[in-house]
Amino acid sequence: MSEPIARGYAGGKIILFGEHAVVHGQPAIAVPLTSIRAEAEVYPGAGDYRVVLPELGREFRFLQPHEGSENGLIVTSRMVLEKLGQPEPNLMLSLRSTIPQKSGFGSGAAVSAAIGRALSAALGMPLSDDELNNIVYEVEKMHHGTPSGIDNTVICYEKPIYFVRGQQIEFIKIARPIHLLVANLPHSTPTKVTVSDVRFLYEKHPRRVGRIFNRIGNISRDARQAIEAGNVDALGPMMNENHRLLKRLTVSDEVMDRLCRLALRAGARGAKMSGGGRGGNIIVLIDKQQRGFLSDVLLKNGASQVFHSVLGAQ
Ligand code: PMV
């Protein structure tokens with residue numbers, strides 16, 4: 001194939017602290033995960049606009065609004081074109097991704113962001129991060145119902161963020177490298193389901209669940225200070241406590257609890273589930289030299305993939 005006219009990329013993400021409570025107004029911390037990413041390449045079209053997924057052997061055309069409404073790839077493309085005031089272009093957009101789907105790594109938001117970047121660049125009108133973020137948030141709403149906006153924000157800006165719903169985004173500085181193992185699990189539950197279960201629990205027990213949200217919010221605040229002060233050691237106990245609170249919100253499960261427990265028993269500094277929960281992924285805080293050994297522990301006990309991620313590495 002000829003050289004692409006334009007390219008667009010976007011990486012994955014993980015939530016360090018505050019998931020679920022963030023939907024209810026508490027702060028959360030998320031970081032980009034650039035070792036996995038979605039890539040979109042744009043080529044001249046064959047008379048119309050298409051999004052092609054070569055790895056899956058699928059393609060989607062630019063349908064009439066009502067017909068295309070379920071397909072996030074076409075919806076994203078349509079929103080980008082609307083924003084730029086452009087008609088259907090004669091382009092073919094080829095999309096690949098190494099981000100595991102439905103695993104809490106923000107795969108959907110990353111794919112939308114990569115499309116937005118590639119398509120707007122191909123038309124010579126690259127979107128700003130703010131414009132892209134607004135579009136990706138709209139697409140996220142379609143997939144997740146009531147997203148807090150944390151996924152699209154960390155992915156579009158590709159920086160560690162301290163996020164409070166509806167407030168100005170705050171970027172955070174990681175003062176000392178943080179070594180994490182991110183273990184992807186073979187099972188997952190749609191974020192929409194766990195978010196709605198937590199909402200139901202909150203409606204049923206507002207005082208008790210409200211207190212859990214507050215405690216999670218306090219952990220995010222403390223964790224921000226520790227991250228910015230380079231106090232990595234303090235983060236382990238905060239992760240463990242955040243995990244216990246998520247368990248009380250019913251969004252952890254036996255597999256996640258067991259993996260966190262085994263990692264801690266094997267010497268990890270801290271461990272918690274990350275993202276929507278009941279599957280997806282867990283994150284484990286380690287010392288650099290524990291990487292090989294602890295990865296093996298996770299892989300032997302049910303993780304399907306383990307990434308080593310160094311946050312704040314220059
Ligand atoms: O999409 P996930 O699995 O990374 O979870 C998103 C985080 C939640 O707080 C559970 C939902 C949200 O919209 O913030």
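A quick note: this is a predicted structure, and the numbers were derived from the prediction, not measured. Counting from 1, the numbers follow the sequence of the chain as shown. Only this structure's heavy atoms are used, side chains among them; waters, hydrogens and symmetry mates stay out.
- For the pair H179 (side chain) and K288 (backbone), a donor-acceptor distance under 3.5 Å is absent.
- Atom-to-atom distance recorded for T153:OG1 and E140:CD is 9.5 Å, nearest 0.5 angstrom.
- Hydrophobic clustering places I286 together with I174 (ILVMFWY residues linked when any side-chain heavy atoms are closer than 4.5 Å, directly or through intermediates).
- Note that the CZ atom of R96 and the CG atom of L56 stand 10.5 Å from one another [nearest 0.5 Å].
- More than 12 heavy atoms of other residues, nucleotides or ligands lie within 6.0 Å of CZ in R208, so this atom counts as buried by the packing criterion.
- Distance alone, capped at 3.5 Å, places no donor-acceptor pair between the D287 side chain and the Q289 backbone.
- Going from atom CD1 of I36 over to atom CD1 of I99 covers 5.5 Å, rounded to the nearest 0.5 Å.
- Donor-acceptor pairing under 3.5 Å is recorded for the side chains of T250 and R278.
- Within the 4.5 Å cutoff, the side chain of R199 has heavy atoms near those of the T146 side chain.
- Taking the six-membered ring for Trp, Y162 and F171 have ring centres at least 6.0 Å apart.
- Applying the salt bridge (Lys or Arg N to Asp or Glu O under 4.0 Å) test to pairs two or more places apart or on separate chains, those with a residue in residues 104-129 are R117-D129.
- Placement of I29 and V154 in two distinct hydrophobic clusters is found when ILVMFWY residues are connected by side-chain heavy-atom separations under 4.5 Å, directly or transitively.
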Table please: side-chain donor-acceptor pairs of residues 292-302 below 3.5 Å, with sequence neighbours left out.
from, atom 1, to, atom 2, distance (Å)
S295, OG, R291, O, 2.7
N301, OD1, R258, NH2, 3.1
N301, ND2, V297, O, 2.7

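- Contact check for V251 versus D197: no side-chain heavy atoms found under the 4.5 Å cut-off.
- Contact detail for R269 and L264: the closest heavy-atom pair is C-CD2, 4.2 Å.
- Considering only heavy atoms from C-beta on, H308 comes within 4.5 Å of V310 through its side chain.
- A continuous path of hydrophobic side-chain contacts links I282 to L262 [ILVMFWY only; heavy atoms under 4.5 Å].
- Minimum interatomic distance between N184 and N281 (heavy atoms only, all atoms of both residues): CA-CB, 4.2 Å.
- Residues V284 and V306 share a hydrophobic cluster, clusters being chains of Ile/Leu/Val/Met/Phe/Trp/Tyr side chains in contact below 4.5 Å.
- A salt bridge does not link E88 to R61: none of the charged nitrogens lies less than 4.0 Å from a carboxylate oxygen.
- The closest donor-acceptor contact from the side chain of S120 to the backbone of L127 lies under 3.5 Å.
- No side-chain donor-acceptor contact under 3.5 Å links N152 to the backbone of N134.
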Carefully, step by step, assess V195 and H20 under the rule side chain to side chain contact (heavy atoms under 4.5 Å, CB included).
CA-CA 7 Å; V195 167; H20 286 288; 3.9 Å; yes
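- Panel note: side chain S103, backbone Q101; a donor-acceptor pair is recorded below 3.5 Å.
- Judged by distance alone, the side chain of T98 and the main-chain N or O of R37 form a donor-acceptor pair under 3.5 Å.
- Checked by atom type and distance alone, the side chain of K272 pairs as donor or acceptor with a backbone atom of L16 at under 3.5 Å.
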Checking side chain to side chain contact (heavy atoms under 4.5 Å, CB included) for the pair L249/T194: CA distance, chi angles, key distance, verdict?
CA-CA 9 Å; L249 291 179; T194 53; over 6 Å; no
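- Side-chain contact between F213 and L245 is absent, with no heavy-atom pair separated by less than 4.5 Å.
- From R244, atom CZ reaches atom CD of E241 across 5.0 Å, with rounding to the nearest 0.5 Å.
- The two residues C156 and A113 come nearest to each other via the heavy atoms SG-CB, 4.2 Å.
- Ring centroids of F105 and F307 are separated by less than 6.0 Å, placing the two rings close together.
- Using modelled atom types, one finds no donor on one side chain facing an acceptor on the other under 3.5 Å when comparing N218 with R215.
- Formation of a donor-acceptor pair under 3.5 Å by the Q167 side chain with backbone atoms of V164 is not found in this model.
- Between atom CD1 of residue I227 and atom CG of residue D222 there is a gap of 11.0 Å, rounded to the nearest 0.5 Å.
- A perpendicular orientation is assigned to the rings of H24 and Y202, their planes being inclined by more than 60° (bins at 30° and 60°).
- The two residues L81 and P89 come nearest to each other via the heavy atoms CD1-CD, 3.6 Å.
- The two atoms that bring P54 and S94 nearest to each other are CG-OG, 3.5 Å, heavy atoms only.
- Residues P100 and S107 fail the side-chain proximity criterion, which asks for heavy atoms closer than 4.5 Å.
- Between V111 and I115, the closest side-chain pair of non-hydrogen atoms falls below 4.5 Å.
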Kindly determine whether V52 and L93 satisfy side chain to side chain contact (heavy atoms under 4.5 Å, CB included), including the steps that lead there.
CA-CA 6 Å; V52 178; L93 192 144; over 6 Å; no
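- A salt bridge between E41 and R7 is present, with a side-chain N of the basic residue lying under 4.0 Å from a carboxylate O of the acidic one.
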Let me have the donor-acceptor pairs involving side chains of residues 44-51, under 3.5 Å, with sequence neighbours excluded, atom names and distances please.
from, atom 1, to, atom 2, distance (Å)
D48, OD1, R50, NE, 3.0
D48, OD2, R50, NE, 3.3
D48, OD2, R50, NH2, 3.4
Y49, OH, S77, OG, 2.9
R50, NH1, E59, OE2, 2.9

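- By the rule that hydrophobic residues join a cluster once side-chain heavy atoms approach within less than 4.5 Å of another member, I150 and V31 end up as members of separate clusters.
- Between P147 and K141 the shortest side-chain heavy-atom distance falls below 4.5 Å.
- Judged purely by atom type and a 3.5 angstrom limit, S309 has no side-chain atom pairing as donor or acceptor with the backbone of L180.
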Can V232 and L285 be said to form a side chain to side chain contact (heavy atoms under 4.5 Å, CB included), step by step?
CA-CA 9 Å; V232 179; L285 182 69; 4.2 Å; yes
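- A salt bridge is defined here as a Lys NZ or Arg NE, NH1 or NH2 lying under 4.0 Å from an Asp or Glu carboxylate O, and E228 with R224 meets this definition.
- Counting heavy atoms from C-beta on, the side chains of C260 and H243 come closer than 4.5 Å.
- Once rounded to the nearest 0.5 Å, the distance linking CD1 of I216 with CD of E19 reads 7.5 Å.
- Here the shortest heavy-atom pairing between L132 and G116 reads CD1-CA, 3.7 Å.
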